[in-house]
Every structure is written in C-alpha cells, then in structure tokens.
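Following: one structure in structure tokens, then a few remarks.
Chain naming here is simple, since letters A, B, ... match the order of the sequence lines and numbering starts at 1 in each.
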There are 2 protein chains.
Amino acid sequence: MATGRTHRPATRSRGIPEATVARLPLYLRALTALSERSVPTVSSEELAAAAGVNSAKLRKDFSYLGSYGTRGVGYDVEYLVYQISRELGLTQDWPVVIVGIGNLGAALAGYGGFASRGFRVAALIDADPAMTGKPVAGIPVQHSDDLEKIIAEDGVSIGVIATPAGVAQAVCDRLVAAGVTSILNFAPTVLSVPDGVDVRKVDLSIELQILAFHEQRKAGEEPGEDAAPQAAAPAAPPAARTTAQGGRKGPDGDVPAVMPA
Amino acid sequence: MATGRTHRPATRSRGIPEATVARLPLYLRALTALSERSVPTVSSEELAAAAGVNSAKLRKDFSYLGSYGTRGVGYDVEYLVYQISRELGLTQDWPVVIVGIGNLGAALAGYGGFASRGFRVAALIDADPAMTGKPVAGIPVQHSDDLEKIIAEDGVSIGVIATPAGVAQAVCDRLVAAGVTSILNFAPTVLSVPDGVDVRKVDLSIELQILAFHEQRKAGEEPGEDAAPQAAAPAAPPAARTTAQGGRKGPDGDVPAVMPA
DNA sequence: GGTTGTGAACCGGTTCACAGCG
DNA sequence: CGCTGTGAACCGGTTCACAACC
C-alpha cells in the first residue's frame, strides 16, 4: 500500500479484510480449475488445500462474502466462482495500459494471465520514438506523448509501470493526473501518490533479498558449520560509538563487537 | 509433515519479525541512494520518508538489528548499509538459476536489479532444445536435462521459476531434489514443497485482481447508495440445493461465462 | 535542542473449537 | 453423521508516547 489512507469510510457493510481480498484471487484460480474439470462442489478442506491455505482461514474468508456454502456438503463451485468474480470486480472489463515496453513490459504484454480474467491491454506506451508503431504481442506501441489522450479515450483506470526506476515517478504522476487510480509498479522505486490512488508493487530484487535472508539463516542453523562468512567490511563504524554498546544491543547480543574492520 | 515445526525453530536469538525482514531491502535501497550522494547520516524521519514507511516503524525495525543509531543525530548511512546488507546475507554471493527462458525469463535475466546486490545469474535453463546454447542477456541457455548437474556444480540454492504454470511444480520438484532451498515463483500456481524450502511468489494476475477490487469499490462509493450494478446473477443459491445435487451443471453451467482462462 | 530506542496499548488477522444446520 | 459459519482466544505487527541519551 502506498501513502495515505484510502479505505473504509466507516463503511462497515462492505468490510472485507485486506488479507482476505488478497486471497480471493487464489481461491478463484483453484475454483476455476475445478470448474473446468466439472467438479460440482468442494469442501473447505479440499479447496483450501488446492489454494495452499488452511481450511479455517478459507471458511472465515468466505464468511465475509456471505453464507455461500451448504453445511454438510460444501460449496457449489460455479456459484462461488461467480460470487468471487463479482466481489473482485471481474465481471466487468478493465482496460489496462502498460508503460515502458522494454524486456519486462513486452513480457507483461504477452503474459497470458493478463488477458484472462477481465483485464484487457488497452495500450502499450513507450517513450522511445523508435518503438512507436511497432507491434508487441500483437499490439502497436504508442508514444508516451499521447499518454493522456489514450487514458482518457479508453477510460483506463489501471496502469502498469514497467519503466526504468528513474522515470517511474514521473510516469506515475502523469498517469494519475490523467485519471488512473490504480497502479501496479514494477520499477524498483517507492512511488508517492495522492490519496485515493492505490499502488501495488512487484519487486524482484526485494523478493530475492528476502529469500537470501532466510537462506543465510538456514545455513547458519545447520550443525557445525558456522554462518557469517563475514566478508571484508566497508569500514564505517558509527560515528561516536566509542563508549561501547553499553546498554541494550539487539535481540540478543548480536555478533560480538560488531566491528567489521 | 514430519515435525509439524517448519522454519523458525524457536529462533529466539535472531528473532527478526518477518514483516521487518520484508522491509529491510527497502531501507537498503534508500540508504544506497543516500550513500551515492555521499550523505553521511540520516534521521529515522528522513529515511522513513524515502522508504515510504513511517518513522516509528522504521525505528522499531532497526531496533531488532541492534542499536545502530546515535540519539540526537540519526543513523550513519554507510554503517547501516553494511549492517543491513550483512543481515540480509548480501555480503555473500548468491548464485541463482532461472528456469524457463520465455519472454518473462529473458526479461528477468536482463533485469538490472538482479545482477546487483550479490545475486548472480549462474545459469539460464530451458526445456526447448532450440534455445540451448542461445545467449540471452549474454548468458547461454542450457538445456533442462542438465538442471541437476548445473545446480550441484554451482552450489545454487536459489531458483527462479518462470515457466508455464503446467510444468512449474515439476520444475520445482527437480530444483528441490537437486538441492535448491529457496524458490521465487513467477508461474501462476501454488507450489508445494517440503519443509525447509522457502517459496515466494510473484503473481501479476493476483495483483491486478486486488487492484480491481479496490477500483470497483472506489467507483461504487461515489454515490450515496452502494447498490452494485449487479450483472446477470447465476441461479445457484445454496438454499434450493436440496436434491438438485445429482443433476450436475454440465457444460455451460448457469453462471455467466465471466472468464476465459 | 534533537533523535533514538522501546514498553505498552492497540489492531488486524489467524487459529481454535464448537454451535448450527443440512 | 459431515461440513459450514463464527465467537473467542491468540498472536504478530503497528502505533503511541515518552524515557534515555547525545
């Protein structure tokens, strides 16, 4: 989530927890698969397994949508597919623009999951004049000069930013000014937007770093093998750290005398 | 589930909250930018703004790492960069394999943020023999037959899956069997892995659906009443389902074909 | 003065366990 | 019976606000 608050004006009626909303697409995917196999009903247990969550959580999630199940039986697959789709707003068509048609943008344009589920790539936009007119994934790239016009004409409210980090904020500002109120950001930058605009980010490098953290810990936990290869440190002790870490240090003493040098 | 206990074996000492870990990369990025501008110190307030969080949260996060700040002054940028890097395990080199060199895989291979920060693309792997040997982002693609060998030889512990959903689980299984213990999954599937293996997923379509949910709500909030447009509803209420169980829905059930798939 | 570090209150979300119902 | 729906306990994380310290 980005800056400011946008949510819940005390509207307790439509109050679906954010965590639940984030899982609905997961349930929907599992249900769609069941639907394709013509499975008529599922129990919370089965569906939960397919979605990779536990059944209590799933039932609680569904309870926010209403009582769509049948005790002793389970959930009607088709019915639930429809209810979740509607709740997520997928019964309507969402035109989306992708800005920045580099490797990533091109990959996104061709991504299958994009076209499905009510999302439609309304336009591909790039600042490079050499790209203009070139079809990518069957859609001709348009020049960013026309960004505002494109958004207005197609009534686009969702924008995907796949530009270099350096221009992401500028692109974001233009998108927002043109009327976009939801942004999916692939650029490694923190975007700031006015209230009422939602931003979600997808950041490869952050994900990898989180994995590295756990990976490192796994290595350190193993028997004998001691962690912390402790590479050469960029020598940068805290300015006036002279008097030692007298008081508290960390959760538990951290490494002895943090001194890199 | 052998021990039921998975990760975090009562990690009392090194107990950094998961939410904090997820933010460290963000702080690191902001700090790196400051470092490049030769800024010597930052206050929690400034750094928090740059990272898009609030300062209390940032200070609390840092408190889990240790007392690395100076009261009345702030944090030493270089020192903090080092400490966070070390905490995240970025002071060592992490060889990574990318499996599935389609549009997305190729984009990832060339992604800048990948190479930086201690991650190194050790190999690109694809099942298509026509791809074998072809250089992508300067790295020759290898055939998936050699997956196990590649992982063993390079000591790869992090794998990125960018294959079609249909083969993602199979690829995952092979990666894990070969010794990979952290997986970043771009395929729209729930992967199941044994205990001790971490999986993080990046799912474009889920992100879009979450945005659509909020977008829909924004549209509905404007007027005083929240009566949804309500498209043609499917006849499948749970109540009347008493005996209808046997008569299955069959091919085009009664629900509007909301999605292609 | 300024800013960190942190106990304590608070809040959202998860899990438990069982009542309710088919 | 079996399975859903949900109140209540629980837990992790966020925010508050202030004491500790430079």
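Between B:Asn54 and D:dT15 there is a side-chain N or O to OP1 or OP2 distance below 4.0 Å. Remark: B:Tyr75 is in phosphate contact with C:dG5, judged by side-chain N or O atoms under 4.0 Å from OP1 or OP2.
Screening residues 24-46 of chain B for ring-ring contact (aromatic ring centres under 6.0 Å, His included) gives B:Tyr27-B:Phe62 as the qualifying pairs, with residues at least two apart or on separate chains.
Every residue two or more places apart in sequence or in another chain that forms a side-chain contact (heavy atoms from CB on, under 4.5 Å) with B:Ser35 is listed here: B:Val77, B:Glu78. Applying the side chain to side chain donor-acceptor pair (under 3.5 Å) test to A:Ser157 and every residue at least two apart in sequence or in another chain returns nothing.
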Pairs of donor and acceptor atoms involving the side chains of residues 48-58 of chain B, under 3.5 Å and at least two apart or interchain, shall be tabulated with distances.
from    : atom 1 : to      : atom 2 : distance (Å)
B:Asn54 : OD1    : B:Ala56 : N      : 3.0
B:Asn54 : OD1    : B:Lys57 : N      : 2.9
B:Ser55 : OG     : B:Glu45 : OE1    : 3.3

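Checking D:dG5, C:dT15, C:dT14 against the side-chain heavy atoms of A:Tyr64 singles out C:dT14 as nearest. Closest to the A:Arg71 side chain, of the nucleotides C:dG5, C:dA17, C:dG22, is C:dG22. In this structure, of C:dG5, D:dT15, C:dT14, it is C:dG5 that holds the atom nearest to the side chain of B:Arg59.
The distance from atom CG of B:Leu58 to atom C1' of D:dT15 is 14 Å, rounded to the nearest whole Å. Protein atom CG of B:Leu80 is 14 Å distant from nucleotide atom C1' of C:dG5, rounded to whole Å.
Less than 4.0 Å separates DNA chain C from at least one heavy atom of each of the following residues of residues 31-46 of chain B: B:Ser43, B:Ser44.
Checking B:Arg59 against B:Ser44 by side-chain atom types alone, a donor-acceptor pair falls below 3.5 Å. B:Thr32 and B:Glu36 share no side-chain donor-acceptor pair at under 3.5 Å.
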Which protein N or O atoms sit under 3.5 Å from an N or O of nucleotides 8-13 of chain C?
from   : atom 1 : to      : atom 2 : distance (Å)
C:dG13 : OP1    : A:Ala19 : N      : 3.4

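In this structure, A:Glu215 contributes its side chain and A:Gln209 its backbone to no donor-acceptor pair below 3.5 Å.
The residues A:Asp198 and B:Arg217 are annotated as not salt-bridged, no charged nitrogen and carboxylate oxygen being separated by less than 4.0 angstrom.
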